[in-house]
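Just below is one structure, and these are the notes that go with it.
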Amino acid sequence: MKQSLFFRTTAIALAILICSATAEVVIVPSSGIGTISQAIIKARTGDTVMVSDGVYKEDVFLKTGVYLKSQYLHGAIIDGGGKGTVVTMSTGSGIEGFEIRNGTIGIFSKDPDVTIIKNRIVRNWMSGIIALRHCPHIEDNIIGFNRASGIVGWNMRAAKGSVEHNTIAYNGGFGFFLGGTSNVQFQYNTVAFNQKYGLKMTKDASESVVKYNNFWENLKQFYDNPADNYAFDPAFTSPKVKYDFNPEPTLCCSVKDAQGQNLGARLKR
């Protein structure tokens, strides 16, 4: 039995190495591939799907281990057509650089080792991101103008993931709602102008690490923000017209992270 288990484990490890060694880039659009979904069907674990600028009106279901990337920052737009989840993640998958809009939920994740970075997740009918069980690595995203909360996490545990350096603003619900037996790291985010609390944690989620975030002009909370956080005007450049959440340098910001970078999403003009 032990020998059999050894051979099975070795075979799995070898298969992963082979997939990594033969990883390919699948281009959208290209010959025979007109949609993101068609590219994902063709892609294998370890592959990257690279998407050119344009509006792609579809719901996307990422395969295990496939990385989805916009060729130019926010140039590729995935439009959910007003209903359903726009992007659904799978184990080991990632998404980078897209605008994700006009769905019921922007991104849904419940599997481990998920990466969500540098996206603009806006104007969805409910929440921008919903994550269950496993905490994705959520970094440098703009999550704004969604009708419900920016991010919702439930029973979200952080084995590897964290929520860092995001700008979560102008959402109709909470900036970040964290419930169930969640334990995550939430830091260096800018959480501003949300119509409910900037942060809402249930009692069972109170062991989460919440530090070095800027909470500004959200609905006044009935309790103080956790210690080691800030409250100052982020001085967004033009958020409502151009989705430009970069701070005006003459007006902001005296508080930086440990590397001297601004809080919130670190996206250059």
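In this chain, residues are counted from 1 in sequence order.
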Taking all atoms of both residues into account, what is the closest heavy-atom pair of [X] and [Y], and its distance?
X      : Y      : result
Ser52  : Gln71  : OG-OE1, 3.4 Å
Ser208 : Ser182 : OG-O, 3.6 Å
Ala158 : Gly161 : CB-O, 3.4 Å
Lys256 : Leu263 : C-CD2, 4.2 Å
Val86  : Gly106 : CB-O, 3.4 Å
Asp59  : Ser37  : O-OG, 3.4 Å

Assess, by modelled atom type and distance only, whether the side chains of [X] and [Y] contain a donor and an acceptor separated by less than 3.5 Å.
X      : Y      : result
Asn141 : Lys118 : no
Asn119 : His74  : no
Asn246 : Thr237 : no

Problem set entry | Intermediate values then yes/no, side chain to side chain contact (heavy atoms under 4.5 Å, CB included), Ile107 and Ile95 | CA-CA 10 Å; Ile107 298 177; Ile95 184 166; 4.2 Å; yes

Is it the case that atom [atom1] in [X] sees more than 12 heavy atoms from other parts of the structure closer than 6.0 Å?
X      : atom1 : value
Trp125 : CH2   : no
Met126 : CE    : no
Glu207 : CD    : no

Problem set entry | Test: Lys200 cationic atom under 6.0 Å from Phe177 six-membered ring centre, within 45° of axis |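 That pair does not qualify as a cation-pi contact.
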
Heavy-atom check, side chain of [X] versus side chain of [Y], under 4.5 Å:
X      : Y      : answer
Tyr197 : Asn218 : no
Ile116 : Val114 : yes
Val66  : Val49  : yes
Pro247 : Asn262 : yes
Ile77  : Arg101 : yes
Asn214 : Pro234 : yes
Val26  : Ile33  : yes
Leu267 : Ile142 : yes

Problem set entry | Geometric class of the Tyr170/Phe236 ring pair [parallel <30°, tilted 30-60°, perpendicular >60°] |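 Tilted: the ring planes of Phe236 and Tyr170 meet at 30° to 60°.
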
For this session: May I ask you to decide if the ring planes of Tyr243 and Phe145 are parallel, tilted or perpendicular, using 30° and 60° as cut-offs?
Result: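 Tilted, since the angle between the ring planes falls between 30° and 60°.
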
Would you confirm whether [X], through its side chain, and [Y], through its main-chain N or O, come within 3.5 Å as a donor-acceptor pair?
X      : Y      : answer
Ser238 : Asp244 : no
Asn183 : Arg157 : no
Asp257 : Gly260 : yes
Glu58  : Ile36  : yes
Asn155 : Thr181 : yes
Thr45  : Gly65  : no
Thr115 : Gly94  : no
Asn171 : Asn194 : no
Ser149 : Ile151 : no
Lys63  : Ile40  : yes

Given the rule that I, L, V, M, F, W and Y join up when any side-chain heavy atoms are under 4.5 Å apart, are [X] and [Y] in one cluster?
X      : Y      : value
Ile168 : Met201 : yes
Leu132 : Phe174 : yes
Leu68  : Val28  : yes
Tyr212 : Val184 : no
Ile100 : Met89  : yes

Nearest 0.5 angstrom please: [X] [atom1] to [Y] [atom2], how far?
X      : Y      : atom1 : atom2 : value
Asn229 : Gln187 : CG    : CD    : 10.0 Å
Trp154 : Arg133 : CH2   : CZ    : 14.5 Å
Ser70  : Asp53  : OG    : CG    : 6.0 Å
Lys196 : Leu219 : NZ    : CG    : 9.0 Å
Ile130 : Phe108 : CD1   : CZ    : 7.0 Å
Met50  : Tyr72  : CE    : OH    : 10.0 Å

Exercise. Applying the side chain to side chain donor-acceptor pair (under 3.5 Å) test to Asn213, which of Asn166, Asp228, Asn189, Thr190 qualifies?
Worked result: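 Of all the options given, the one that passes is Asn189.
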
Exercise. With the threshold set at 4.0 Å, does a side-chain nitrogen-carboxylate oxygen contact exist between Arg266 and Asp140?
Worked result: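 Answer for the salt bridge query: yes.
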
Problem set entry | CA sep, side-chain torsions, deciding dist, call: Ser127, Asn146, side chain to side chain contact (heavy atoms under 4.5 Å, CB included) | CA-CA 6 Å; Ser127 295; Asn146 300 287; 5.9 Å; no

For this session: May I ask you to check whether Tyr230 and Phe215 place their ring centres under 6.0 Å from each other?
Result: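 Between Phe215 and Tyr230, the centre distance exceeds or equals 6.0 Å.
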
Exercise. Between Arg123 and Asn102, does a side chain to side chain contact (heavy atoms under 4.5 Å, CB included) hold up when you go through it step by step?
Worked result: CA-CA 6 Å; Arg123 301 196 184 279; Asn102 195 28; over 6 Å; no

For this session: Quick one: do Ile129 and Val152 satisfy side chain to side chain contact (heavy atoms under 4.5 Å, CB included)? Show the steps, please.
Result: CA-CA 6 Å; Ile129 298 175; Val152 174; over 6 Å; no

